[in-house]
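Reviewing the structure listed below.
Note on naming: letters A, B, ... go to the chains in the order of the sequence lines (proteins, then strands), and numbering restarts at 1 for each one.
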Amino acid sequence: MSCSRFTAPARSVPIPIPAPPAPFTISPMLRQSIEQRLQQAVARRLPDADLTSVLVRPCPDPKFGDYQSNALMGLAKQRRLNPRQLATEIAADLQLDDLCEPTEIAGPGFLNFRLKPAALAAMLSVAARGEHLFFRPATEPYTVVVDFSSPNVAKPMHVGHIRSTILGDCLARTLRLLGHRVITDNHIGDWGTQFGMLLVGWKTLLDEAALDRDPIAELERIYRAVNARCSEDKPEFDPATLEQARAELVKLQGGDEENTGIWRRMIALSQQQFDTIYGRLGVRFDHTFGESFYNDRLAEAVTELESRGIVRESEGALLAFFDDVPPLKNQPAIVRKRDGAANYTTTDLATLQYRLATWNPDEIIYVTDGRQQLHFQQVFEIFRRWHPDAPVRLSHVWFGSILGENNQPLKTRSGENIKLADLLDEAEERALRVVAEKNPELPESEQREIARMVGLGAVKYADLLPNRQSDYVFSWDKMLALNGNTAPYLLYAATRIRSIFRKLAESGETFDLAAAGADLTLAEPAELALAKQLQNFDFVLHAVAEEHRPNYLCNYLYELAGQFTGFYEACPVLRAEGTVRATRLVLCELTFRVLAQGLEVLGLEVPERM
RNA sequence: GCGUCGGUAGCUCAAUUGGAUAGAGCACCUGACUUCGGAUCAGGUGGUUGGGGGUUCGAGUCCCUCCCGGCGUACCA
């Protein structure tokens, strides 16, 4: 029952930005400290061992401990050593007294580590001083280009764009948080044969009033009308229109002033639509270099490929063959069509070349659906032959389809693509119904603001939660559910913490996190479990960045919220006293900050209450 | 045909270098409250990880094979 006296406006809670870490001689993260010392111990015993495989990770089951390493079994096998004996020797040499209980050796050679409460408390104190938020920035920041969203000019953005947009934005946010240099580039579809038809439509069918009202709808209308006349299998087919479209396209490609002007206007109108959607989603790009940006670089790229013998002529076109790459055998890529025109392989190669020359990135991430796997394999392979020494990592981060309840790709009842704007509207409307029901005492404007955060958050979270490579079934009821692994559940957990501090402030008490964190005592199992879960934020963020899988973070935050509610049930906060109370308040605040920071990385906003 | 991704509880999905007894939510059953906001929590039922074979101390994960499904496969992007 929420009390209507509390009229704090709904707003996004500012995310505390942790101060950059001081130069450490040893990692501030407990897991990493254990890992480093284990690696040192392994190096003393086996000087030639590959230490990159000596890893310490969270235990799958707390009964074994908090962290474990199974690396010694692999090392022993390679060297034909007795794994348990090797584990015993290395454990005896490990200096972990300040962090852990004595190391346990289990099974065929697992090392199990159990953190000392005092070490956990010390970490919480440092976090309470604002020196870290349970993660460390990358030790070697790199430059990464993230290419995502890529909608088409003159068409409405639809559900097909949502996964790329949300995944790409989340990866960019994660990488930025970890201190990498991130460049986001929206490779919009602003060039291609469709502009011939659009130009014909613009010149012969355009309704200026309709264009003023809804530019994209009008562009879509004229495109469809002309496209029908240009399709041989349609009743409206008209060879003269087809010829006209070809002629307009040639004029555009030749730099004709009138056509270029219309084309620019179509792009500007589309950009307004993109900006509206991205504004709602909180997505931003550093660059929007569309396909047309590379027009004057295509010929040179093809020439270079030709002179290096990477492509050769076949049936009038220029192709790259990959007979020595088994999966690409019999899958040549066209780089110049028979009519001399470039295609998307050409554009992507020129784009790659430009990005390399301009930003010298260490990684380029392409976020597209899985149907483009073959295309990117070909592009990457050609590029490797073209620039065999370029140290750039090329990552095709692909994802599956969004399906409707019928297990078919999600469409409207009439079989149309669902417009993204309509989808976002519906998300907010559905969330508003729930918010209004649960919080009838709140003013409508605040209900709407909460509904906006919950509704859009639910859509984003539903998209980021599943393994990106599997298809997923779109379900309003599931994503807006108040229980289970959903955005509303996580946001609710965060608002419960806010509620504690509202209550505290209401009683006139002030809370100084750093001061409260100076003297902590962790005793209850729920307190320890929560503190340990906070520790793992670092591990998860780096896994997300490395493997391009935001679902790891979703699952982590859901577990954190679960640990928090367990703690919340078992450990009274405001009713406690002295150091116990201070400790619990610190746990609440730090949990909130990690939740809020994690949700922010996922692109979700946290309301003050809901 | 070839390539590729997938098949995990009734349903929707997880599972971190191969690692310990395959975990959640929903649904179903049983409990807990005059609540630091019950939009909650605790417990229970539920599995031959599509079938078969192999490698390994250890396989949902790697290899082989078969079955089923999605997607791709020379001038769309």
How would you list, by chain and number, every residue that makes a ring pair (Phe, Tyr, Trp, His ring centres under 6.0 Å) with [X], sequence neighbours excluded?
X: A/Tyr472; answer: none
X: A/Tyr558; answer: A/Tyr489
X: A/His548; answer: none
X: A/Tyr461; answer: none

Report, as a single string ordered 5' to 3', how protein heavy atoms within less than 4.0 Å touch nucleotides 29-34 of chain B: B base, S sugar-phosphate only, - not at all. ------
If you assign A/Ile500 and A/Val435 each to the RNA chain B nucleotide with the nearest heavy atom, which residue ends up on the more 5' nucleotide? A/Ile500
Could you tell me which non-hydrogen atom of A/Met157 sits nearest to which non-hydrogen atom of A/Pro151, and how far apart they are? CG-CB, 3.8 Å
Neighbour count >12 (heavy atoms, 6.0 Å) for atom CZ, A/Arg79: yes
Quick check for you: among [options], whose closest atom lies nearest to any side-chain atom of [X]?
X: A/Glu569; options: B/rC41, B/rG19, B/rG37; value: B/rC41
X: A/Phe539; options: B/rC5, B/rA20, B/rU16; value: B/rU16
X: A/Gln68; options: B/rA20, B/rG3, B/rG37; value: B/rA20
X: A/Phe110; options: B/rG19, B/rG6, B/rA15; value: B/rG19

Under 6.0 Å from the ring centre and within 45 degrees of the ring axis: does the NZ or CZ of A/Arg57 meet both conditions for the six-membered ring of A/Tyr67? no
Between A/Glu546 and A/Arg393, is there a salt bridge with N-O shorter than 4.0 Å? yes
Pair listing, salt bridge (Lys or Arg N to Asp or Glu O under 4.0 Å) test, anchored in residues 558-584 of chain A, at least two apart: A/Glu509-A/Arg581, A/Glu527-A/Arg584
For residues 311-333 of chain A, which side-chain N or O atoms pair as donor and acceptor with protein atoms under 3.5 Å away, sequence neighbours left out?
from, atom 1, to, atom 2, distance (Å)
A/Glu313, OE2, A/Gly316, N, 2.6
A/Asp324, OD1, A/Arg385, NH2, 3.1

Categorize A/Thr565 for me: base, sugar-phosphate, or nothing, with a 4.0 angstrom heavy-atom threshold over every strand shown. sugar-phosphate
Distances under 3.5 Å between nitrogen or oxygen atoms of protein and nucleotides 56-61 of chain B:
from, atom 1, to, atom 2, distance (Å)
B/rU56, O2', A/Lys77, NZ, 3.0
B/rG58, O6, A/Lys77, NZ, 3.4

What N/O pairs connect the protein and nucleotides 9-13 of chain B at under 3.5 Å? Give each pair on its own line.
from, atom 1, to, atom 2, distance (Å)
B/rC13, OP1, A/Val473, N, 3.4

Per the atom types in the model, does the base of B/rA15 pair as donor or acceptor with the side chain of A/Asn551 at under 3.5 Å? no
Stacking between A/Phe64 and the base of B/rA20 (centre distance under 5.5 Å, interplanar angle under 30°)? yes
Among all residues two or more places apart in sequence or in another chain, which pass the side-chain hydrogen bond (donor to acceptor under 3.5 Å, both in side chains) test with A/Arg433? none
State which residues pass side-chain contact (heavy atoms from CB on, under 4.5 Å) with A/Ala436; sequence neighbours excluded, sorted by chain then number. A/Gln447
Could I get a table of every N or O pair under 3.5 Å where one atom is in the protein and the other is in nucleotides 73-76 of chain B?
from, atom 1, to, atom 2, distance (Å)
B/rU73, O2', A/Gln331, OE1, 3.0
B/rA74, N1, A/Ser314, OG, 3.2
B/rC75, O2, A/Arg338, N, 2.7
B/rC75, N4, A/Glu315, O, 3.2
B/rC75, N4, A/Arg338, NH1, 3.0
B/rC76, OP2, A/Lys337, NZ, 3.3

So A/Asn112 and A/Thr103, do their side chains get closer than 4.5 Å, heavy atoms only? no
